[in-house]
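Take a look at the structure below.
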Amino acid sequence: METMRDRFAPVLTRLLDEDPRVAVVLAEIGVDAFTGAARRHPDRVVNVGIREQLLVGAAAGMALTGLRPVVHTFASFLVERPFEQVKLDLGHQDAGAVLVSAAASFDWPAGGYTHMAPGDVALLDTLDGWTVHVPGHPDEAETLLRHAVAAGDDKVYVRLSLQANARPLPVDGGRFRTVREGRGGVVVAVGPVLDAVLAATEGLDVTVLYATTVRPFDAAALRRATEAAGTDVVLVEPYLAGTSVAAANDALSDVPHRVLGLGVGRRELRRYGRLEEHVAAHGLDARSLRERIGAFTAAGAPLRLRPRSTGPDRATVR
């Protein structure tokens, strides 16, 4: 199957040909995929070498001249290593760019912990004004990349992964999508974990929301879902567990609710293994998710009381 990263270079190459504002900034990783584009646009395809701080700084300089830079490397080298430049060169100067990562949380276990970045979204969450896209399929990655490049001068992070769902869904770069309806809780599946969540919740009376844009967080969609399904909420994210718990709490701040955040644990796994083994070790496989989601929603079930009067409203006691 074609990966999100396989799709990235051809799409961005077309955007370079079509839009004279678009530029790409690389730090060795991915250079070969832009050989032809570099010949056609030598002033807008820049490789800074293995200098990740310069990678972001150069992009900020381009943005300040009116270009729309797309910056690409592994997530650990794009967000974590040059975080000061992300914070100051882009954020403090209000310079827009599109950061497109690869490798995600643990996509390349053989690379070791230096090539893993499960905390990337949480780290960007400490900054103001970032849009964060987490596609779950190469088709969605293309759509969201085009959204990001076209988003004026905004600061956008597009998180690519080797993990992917079997089929794409329509995405609009903003709203959560309802893929299953129930009345015993709400499960928010982010990007490539959707297939595992759907398998895990098969037969459970829960609503499943699909999120490919997590910042801004679609509070309105979560609130609408809880009106019918109750206010037990499970967030399943392919990065650091609990990253969006605060956003969900804020969305439901005026109603009694419970939130469970599932994702990549903080404990460092020191055996390389395979990607699938890391998924299971962090409890993100369908079997583990079913146990954890089922236990959480079952624990809350006795507290959800149906009012005496008929109607769609449900009373919740915590």
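Following chains of ILVMFWY side-chain contacts shorter than 4.5 Å, one can reach Val11 starting from Phe34, so the two form part of one hydrophobic cluster. Under a hydrophobic clustering in which Ile, Leu, Val, Met, Phe, Trp and Tyr are joined whenever their side-chain heavy atoms come within less than 4.5 Å, directly or via other members, Leu260 and Val188 fall into different clusters. Taking hydrophobic clusters as Ile, Leu, Val, Met, Phe, Trp and Tyr residues chained together by side-chain heavy-atom distances below 4.5 Å, Leu284 shares a cluster with Val179. By the rule that hydrophobic residues join a cluster once side-chain heavy atoms approach within less than 4.5 Å of another member, Leu99 and Val25 end up as members of one cluster. Following chains of ILVMFWY side-chain contacts shorter than 4.5 Å, one can reach Val236 starting from Leu204, so the two form part of one hydrophobic cluster.
Ser76 places no side-chain N or O within 3.5 Å of a backbone atom of Ala117 that could act as its donor or acceptor partner. Put simply, the side chain of Arg177 never gets that close to the backbone of Leu169: no donor and acceptor are under 3.5 Å apart. Proximity of a side-chain donor or acceptor of Thr13 to a complementary backbone N or O of Ala9 within less than 3.5 Å is detected. The main-chain N or O of Val156 is never found under 3.5 Å from a side-chain atom of Thr131 such that the two would form a donor-acceptor pair. Remark: the backbone N or O of Val121 is not paired with any side-chain donor or acceptor of Arg215 at under 3.5 angstrom. Side-chain atoms of Arg290 come within 3.5 Å of backbone N or O of Glu202 as a donor-acceptor pair. Between the side chain of Ser288 and the backbone N or O of Asp285, no donor-acceptor pair lies under 3.5 Å. The backbone N or O of Val22 sits less than 3.5 Å from a side-chain atom of Arg44, completing a donor-acceptor pair. A donor-acceptor contact shorter than 3.5 Å is absent between the side chain of Glu268 and the backbone of Tyr113.
Residues satisfying the side-chain hydrogen bond (donor to acceptor under 3.5 Å, both in side chains) criterion with Thr201, sequence neighbours excluded, are Arg180. With sequence neighbours excluded, the residues that form a side chain to side chain contact (heavy atoms under 4.5 Å, CB included) with Pro118 are Ser105, Met116, Val264. Partners of His115 by ring-ring contact (aromatic ring centres under 6.0 Å, His included), not counting sequence neighbours, listed by chain and number: Phe74, Phe77, Trp108. Residues passing the side chain to side chain contact (heavy atoms under 4.5 Å, CB included) test with Ala220 are Asp218, Arg224, sequence neighbours excluded. Listed by chain and residue number, nothing satisfies the side-chain hydrogen bond (donor to acceptor under 3.5 Å, both in side chains) test with Asp195 (two or more places apart in sequence, or in another chain). Qualifying ring-ring contact (aromatic ring centres under 6.0 Å, His included) partners for Phe217, counting only residues two or more places apart in sequence or in other chains: Phe176. The ring-ring contact (aromatic ring centres under 6.0 Å, His included) search around His72 returns Phe8, not counting sequence neighbours. Taking Asp205 as the reference, Arg183 meet the side chain to side chain contact (heavy atoms under 4.5 Å, CB included) condition, with sequence neighbours excluded. Taking Leu124 as the reference, Val79, Val86, Leu127, Trp130, Tyr157 meet the side chain to side chain contact (heavy atoms under 4.5 Å, CB included) condition, with sequence neighbours excluded. Partners of His282 by ring-ring contact (aromatic ring centres under 6.0 Å, His included), not counting sequence neighbours, listed by chain and number: Phe106.
For Pro109 against Arg274, the heavy-atom pair with the smallest separation is CG-C, 3.8 Å. Contact between Arg159 and Ala104 at its shortest, heavy atoms only, is NH1-CB, 3.5 Å. In plain terms, the two heavy atoms of Leu289 and Gly283 that are nearest each other are CD2-O, 3.5 Å. Counting all heavy atoms, side chain and backbone alike, Asn165 lies closest to Gly191 at ND2-O, 3.0 Å. Taking both residues in full, the closest heavy atoms of Gly174 and Asp172 are given as N-OD1, 2.9 Å, listed atom of the first, atom of the second, then distance. Here the shortest heavy-atom pairing between Gly182 and Ala229 reads O-CB, 3.4 Å.
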Working for side-chain hydrogen bond (donor to acceptor under 3.5 Å, both in side chains), residues Asp17 and His41:
CA-CA 8 Å; Asp17 292 337; His41 312 290; 2.7 Å; yes

When you look at Val208 and Leu194, which way does the side-chain contact (heavy atoms from CB on, under 4.5 Å) test go after all the steps?
CA-CA 9 Å; Val208 176; Leu194 177 62; 4.1 Å; yes

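Between Asn249 atom CG and Arg258 atom CZ the span is 12.5 Å, to the nearest 0.5 Å. To the nearest 0.5 Å, atom OG1 of residue Thr297 and atom CZ of residue Arg292 are 13.5 Å apart. Note that CD of Glu276 and CD of Gln163 are 8.5 Å apart. Values are rounded to the nearest 0.5 Å. In this structure, the separation between CD on Glu2 and CD on Glu142 is 8.5 Å, given to the nearest 0.5 Å. In this structure, the separation between CG on Leu222 and OG1 on Thr226 is 5.5 Å, given to the nearest 0.5 Å. In this structure, OG on Ser101 lies 9.0 Å from CG on Asp107, to the nearest 0.5 angstrom.
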Which atom pairs, one a donor and one an acceptor, fall under 3.5 Å between side chains of residues 47-70 and the rest of the protein, sequence neighbours left out?
unit_1	atom_1	unit_2	atom_2	d
Asn47	OD1	Glu28	N	2.8
Asn47	OD1	Gly49	N	3.1
Asn47	ND2	Glu28	OE2	3.3
Arg51	NH1	Val48	O	2.7
Glu52	OE1	Arg81	NH1	3.2
Thr65	OG1	Met62	O	2.6
Arg68	NE	Val149	O	3.4
Arg68	NE	Gly152	O	3.3
Arg68	NH1	Asp154	O	2.6
Arg68	NH2	Ala148	O	2.7
Arg68	NH2	Asp154	O	3.1

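Considering only heavy atoms from C-beta on, Glu140 stays 4.5 Å or farther from Thr143 through its side chain. With contacts defined as side-chain heavy-atom distances shorter than 4.5 Å, the pair Leu240/Leu123 does not qualify. Using a 4.5 Å heavy-atom cutoff, the side chains of Val134 and Thr212 are not in contact. Side-chain contact between Leu262 and Phe296 is absent, with no heavy atoms from C-beta onward closer than 4.5 Å. Inter-residue side-chain proximity for Phe83 and Thr126 is flagged as met; some heavy-atom pair is nearer than 4.5 Å.
Grouped by direct or indirect side-chain proximity (heavy atoms under 4.5 Å, Ile/Leu/Val/Met/Phe/Trp/Tyr only), Leu144 sits with Val171.
Using a cutoff of 4.0 Å between basic side-chain nitrogens and carboxylate oxygens, Asp139 and Arg167 are not scored as salt-bridged. No salt bridge links Asp19 with Arg146; every basic N to acidic carboxylate O contact stays at or beyond 4.0 Å. Ionic pairing of Arg223 and Asp254 is present here: one or more N-O contacts between side-chain nitrogen and carboxylate oxygen are shorter than 4.0 angstrom.
At most 12 heavy atoms of other shown residues, nucleotides or ligands fall within 6.0 angstrom of atom CG in Asp94. Atom CD of Gln93 has more than 12 neighbouring heavy atoms from other residues, nucleotides or ligands inside a 6.0 Å radius.
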